[in-house]
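Written out below as C-alpha cells is the structure these notes cover.
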Amino acid sequence: MKLKIVGSGGMSIIPSSFCKCKICEEARQKGGRYERLGPSLYIDDIKMLIDTPEDIAVACNRQNISEVKHLSISHRDPDHVKGLRIVEKIGYDFITEKSTPIDFYALAEVVEDINQMNCDCLKYYEDVLGCISVHETSHIEIGSIEIDLINNNPSRNITFYVMKEHEKKAIYACCNPKPFTHNDLYYDADLLIISLVSDDGILNDGTQLKDAPFKDEIFTLDELVQIKNDYRIKKIIITHIDEIWGKSYGYYSALEKKLDNIFFAYDGMEIIV
C-alpha cells in the first residue's frame, strides 16, 4: 500500500489565521513542512481520500493529487467534513449538467450525523446532483485492498480504518482516538497512524495538559508506547498536530530520533506499507 498524509494539522491549520503564536509565526517564515493543513489521508493504490477538511482542495493541489475515485469521511466534525464540496468538481459537470458519481463510503451512523449537521448534504449530492454514490458500510473491498471501518467511539461516532493488502496492515485512527477501544483487528499492524498525542504535556501558552478541559481526550507518549507494545504494532506515525501543542516541525523531527519507531507526520509524507 502507498499512503500519503495530505494534511497533518488538526482542528486549525498551521499557520492559523490571525494567530500570533511562535509556532504560527515560524510557519509563516519557513513554510514547507512547518505548515500544516487539515487532517486527511490518501490511499494512492485505489485513489481513495479519507476526510475533507475545508482546505482539502488546496491540499490536493499541493500534494499533486489529481484523481479521487473513492471518498470516505470518518465523522461529522467540521475539520473533517467542510471541504466536501470537492465532490461537485469531481463528479458533476455544471456546463453539461451531467454527473459521474464517485463512491462515498461511511458507517451508517456517520452518514446520518453528516446529514444532520450539514443540511442533508450527502442526500443532495447523491439525489440531486448525482455526483456521489453513498455506501453505508463497515467493510470495503477495492482491488486487492480491504478496509474495515470501526466505530471507536459510539458516543461521537469516530471511525477508525483498518486497511489490509495481502499480509500488510495499516490503521488510521484519524481523530479523538481516546479511549482506544479494543479490537482484535488492531493486533500486529505494520503501521498505526494516530492523532492527538502530547509529547510532554505542555501546551502552547505554557499551561499543562493536565489542567486543560480536554485533557482526557489526548494521549501521552507513554500511553501510546503502551498501545504499540500491547498490540505488537511495528511503527507509529502521529498526525492531527495542532498549534496548541506549541511544537514545530523542527522540534518533532528532532524528538522522533529519540523514539522507537514513532514518527511525526508532515503534509505530503509518503508511506509505503
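Every value quoted in this text rests on a predicted model; they were computed, and no experiment measured them. Computed over heavy atoms, backbone and side chain alike; hydrogens, waters and symmetry mates excluded. Residue numbers start at 1 and run along the sequence shown.
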Salt-bridge criterion met for [X] and [Y] (N-O under 4.0 Å):
{"X": "Asp77", "Y": "Arg156", "answer": "yes"}
{"X": "Lys4", "Y": "Glu270", "answer": "yes"}
{"X": "Lys178", "Y": "Glu223", "answer": "yes"}
{"X": "Glu25", "Y": "Arg28", "answer": "yes"}
{"X": "Asp93", "Y": "Lys98", "answer": "no"}
{"X": "Asp188", "Y": "Lys234", "answer": "no"}

Check whether the side chains of [X] and [Y] place a donor and an acceptor atom closer than 3.5 Å, and report yes or no.
{"X": "Arg76", "Y": "Asn157", "result": "no"}
{"X": "Lys82", "Y": "Asn118", "result": "yes"}
{"X": "Tyr251", "Y": "Asp199", "result": "yes"}
{"X": "Glu243", "Y": "Ser16", "result": "no"}
{"X": "Asp51", "Y": "Ser74", "result": "yes"}
{"X": "Gln63", "Y": "Asp267", "result": "no"}
{"X": "Asp113", "Y": "His75", "result": "no"}
{"X": "Asn153", "Y": "Ser155", "result": "yes"}

Does Arg85 have more than 12 heavy atoms from other residues, nucleotides or ligands lying within 6.0 Å of its CZ?
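Counting other residues, nucleotides and ligands, CZ of Arg85 stays at 12 neighbours or fewer.
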
Could you check whether atom CD of Glu97 has more than 12 heavy atoms from other residues, nucleotides or ligands sitting under 6.0 Å from it?
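Count not over threshold, so no.
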
Plane angle bin for Tyr187 and Tyr231 - parallel if under 30°, tilted between 30 and 60°, otherwise perpendicular:
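Judged by the thresholds at 30° and 60°, the geometry between Tyr231 and Tyr187 is tilted.
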
What orientation do Phe214 and Trp245 show, parallel under 30°, tilted 30 to 60°, or perpendicular over 60°?
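Perpendicular: the ring planes of Phe214 and Trp245 meet at over 60°.
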
Any side-chain heavy-atom pair of Ile46 and Ile147 under 4.5 Å
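Yes, their side chains come closer than 4.5 Å.
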
Given side chains that start at C-beta, do those of Leu3 and Leu191 come closer than 4.5 Å, heavy atoms only?
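The answer is yes; the side chains approach within 4.5 Å.
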
Are Asn152 and Asn183 close enough, and set up right, to give a side-chain contact (heavy atoms from CB on, under 4.5 Å), and what steps lead you there?
CA-CA 9 Å; Asn152 179 69; Asn183 193 298; over 6 Å; no

Are the ring centres of His135 and His70 closer than 6.0 Å?
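Centroid distance His135-His70: not below 6.0 Å, so no.
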
Just checking Tyr252 against Tyr266, ring centres under 6.0 Å apart?
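Here the rings of Tyr266 and Tyr252 have centres that are no less than 6.0 Å from each other.
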
Between [atom1] of [X] and [atom2] of [Y], what distance do you get to the nearest 0.5 Å?
{"X": "Phe104", "Y": "Ser72", "atom1": "CZ", "atom2": "OG", "value": "6.0 Å"}
{"X": "Ile73", "Y": "Thr159", "atom1": "CD1", "atom2": "OG1", "value": "10.0 Å"}
{"X": "Ile65", "Y": "Asp44", "atom1": "CD1", "atom2": "CG", "value": "8.0 Å"}
{"X": "Leu192", "Y": "Ile227", "atom1": "CG", "atom2": "CD1", "value": "7.5 Å"}
{"X": "Ile142", "Y": "Lys47", "atom1": "CD1", "atom2": "NZ", "value": "12.5 Å"}
{"X": "Tyr42", "Y": "Leu49", "atom1": "OH", "atom2": "CG", "value": "8.0 Å"}

Evaluate Tyr105 against Met48 for side-chain contact (heavy atoms from CB on, under 4.5 Å), listing each step before the verdict.
CA-CA 10 Å; Tyr105 304 91; Met48 183 173 186; 4.1 Å; yes

Between Tyr92 and Val134, is there a shared hydrophobic cluster once you connect ILVMFWY residues whose side-chain heavy atoms come closer than 4.5 Å?
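Yes; Val134 is reachable from Tyr92 via cluster members.
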
